[in-house]
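Starting from 1, each residue takes its place in the sequence as its number.
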Amino acid sequence: MGRLKRLKKIRIHREGTHTLIGSLILLLAVDSALYFGLECKIPFYIVGVVSLVVYGILVNFFRCPIRLFGQDTEKVVVAPADGKVVVIEEVEENEYFHDRRLMVSIFMSLVNVHANWYPVDGTIKKVGHQNGKFMKAWLPKASTDNERSMVVIETPEGVEVMARQIAGAMARRIVTYAEPGEECYIDEHMGFIKFGSRVDVYLPLGTEILVKLGQLTTGNQTVIAKLK
């Protein structure tokens with residue numbers, strides 16, 4: 001029960017509260033001005049429909065489904081985000097490991113849930129943030145050139161896994177909840193990225209990858225790899 005109590009059981013992510021309230025006030029003000037300020041109601045109806053669509057997109061973006069993995073988590077790596085697998089390759093990781101790693105990258109479009117989950121159980125070893133560019137998140141250089149945050153987790157078996165949140169062309173804010181020394185678990189939120197972006201997971205060589213390029217993932221549900 002201890003783990004369940006720590007879950008952030010929210011339908012709309014708290015990162016979107018101010019945005020949604022501010023947008024609602026603004027849209028209502030504009031619609032009210034058109035309704036009371038113009039005799040012809042056609043502009044009001046047009047703007048009203050557009051306002052509903054825009055606000056619906058915002059609500060959809062900040063939605064935060066309650067998800068429980070519900071399976072054995074030993075040596076399991078789950079998808080930290082909703083989206084599509086855009087990269088599976090062996091790379092040189094020079095920010096923390098300084099060696100070769102397997103990288104699995106998940107790209108989140110505007111229609112995906114943008115909450116991020118921890119990919120493994122363990123203890124948080126390091127948290128870092130690096131300023132950078134805001135190139136399109138699916139580009140290969142986005143992993144090293146874009147603004148990003150990293151979270152390194154040591155699993156109970158002593159394996160270190162890195163999750164890197166990467167800003168995209170539209171994303172201007174990366175939120176990371178991880179704190180060094182804390183225990184973390186699959187099912188818990190690692191953070192949130194506003195608007196299109198991606199999350200890279202760095203795994204030891206020899207890890208069994210269980211997803212394919214182009215495969216759609218569901219955060220905290222899709223098993224992407226099995227650690228040795």
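- Residues V91 and M103 share a closest heavy-atom pair of CG2-CB, 3.9 Å.
- Without hydrogens or angle criteria, E208 side chain to L210 main chain gives no donor-acceptor distance under 3.5 Å.
- Clustering ILVMFWY residues whenever any of their side-chain heavy atoms sit less than 4.5 angstrom apart, transitively, puts V199 in a cluster other than the one holding I224.
- Remark: T222 OG1 to D82 CG distance equals 8.0 Å, nearest 0.5 Å.
- Without hydrogens or angle criteria, T217 side chain to A81 main chain gives a donor-acceptor distance under 3.5 Å.
- Within the 3.5 Å criterion, the main-chain N or O of P204 finds a donor-acceptor partner in the side chain of T207.
- Side chain of D187 to main chain of F69: a donor-acceptor pair is present (N/O by atom type, distance under 3.5 Å, no hydrogens or angles).
- Within 6.0 Å of CD1 in I42 there are 12 or fewer heavy atoms belonging to other residues, nucleotides or ligands.
- With no hydrogens or angles considered, no side-chain donor-acceptor pair links Y177 and E188 at under 3.5 Å.
- When all heavy atoms are compared, the tightest approach of I193 to M108 is CD1-CE, 3.8 Å.
- Nearest heavy-atom pair across K125 and P180 is O-CB, 4.4 Å.
- Cluster annotation: V104 and Y118 are assigned to the same hydrophobic cluster (Ile/Leu/Val/Met/Phe/Trp/Tyr, side-chain heavy-atom contacts under 4.5 Å, transitive).
- Of the possible donor and acceptor atoms, one in the side chain of N220 sits under 3.5 Å from a partner among the backbone N and O of R67.
- Under the 3.5 Å distance criterion, the side-chain polar atoms of N112 are matched with a main-chain donor or acceptor of S109.
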Trace of the side chain to side chain contact (heavy atoms under 4.5 Å, CB included) decision for C184 with I153: CA-CA 8 Å; C184 65; I153 304 165; 3.7 Å; yes
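- In this structure, Q165 contributes its side chain and V175 its backbone to a donor-acceptor pair below 3.5 Å.
- Ring orientation note: the planes of F192 and H114 are tilted relative to one another, at an angle of 30° to 60°.
- Contact of the L203 side chain with the I209 side chain is registered, since non-hydrogen atoms from C-beta on lie closer than 4.5 Å.
- Here R101 does not pair with D200 in a salt bridge; the nearest charged N to carboxylate O distance is not below 4.0 Å.
- Counting heavy atoms of neighbouring residues, nucleotides and ligands inside a 6.0 Å radius, atom NZ of K226 exceeds 12 of them.
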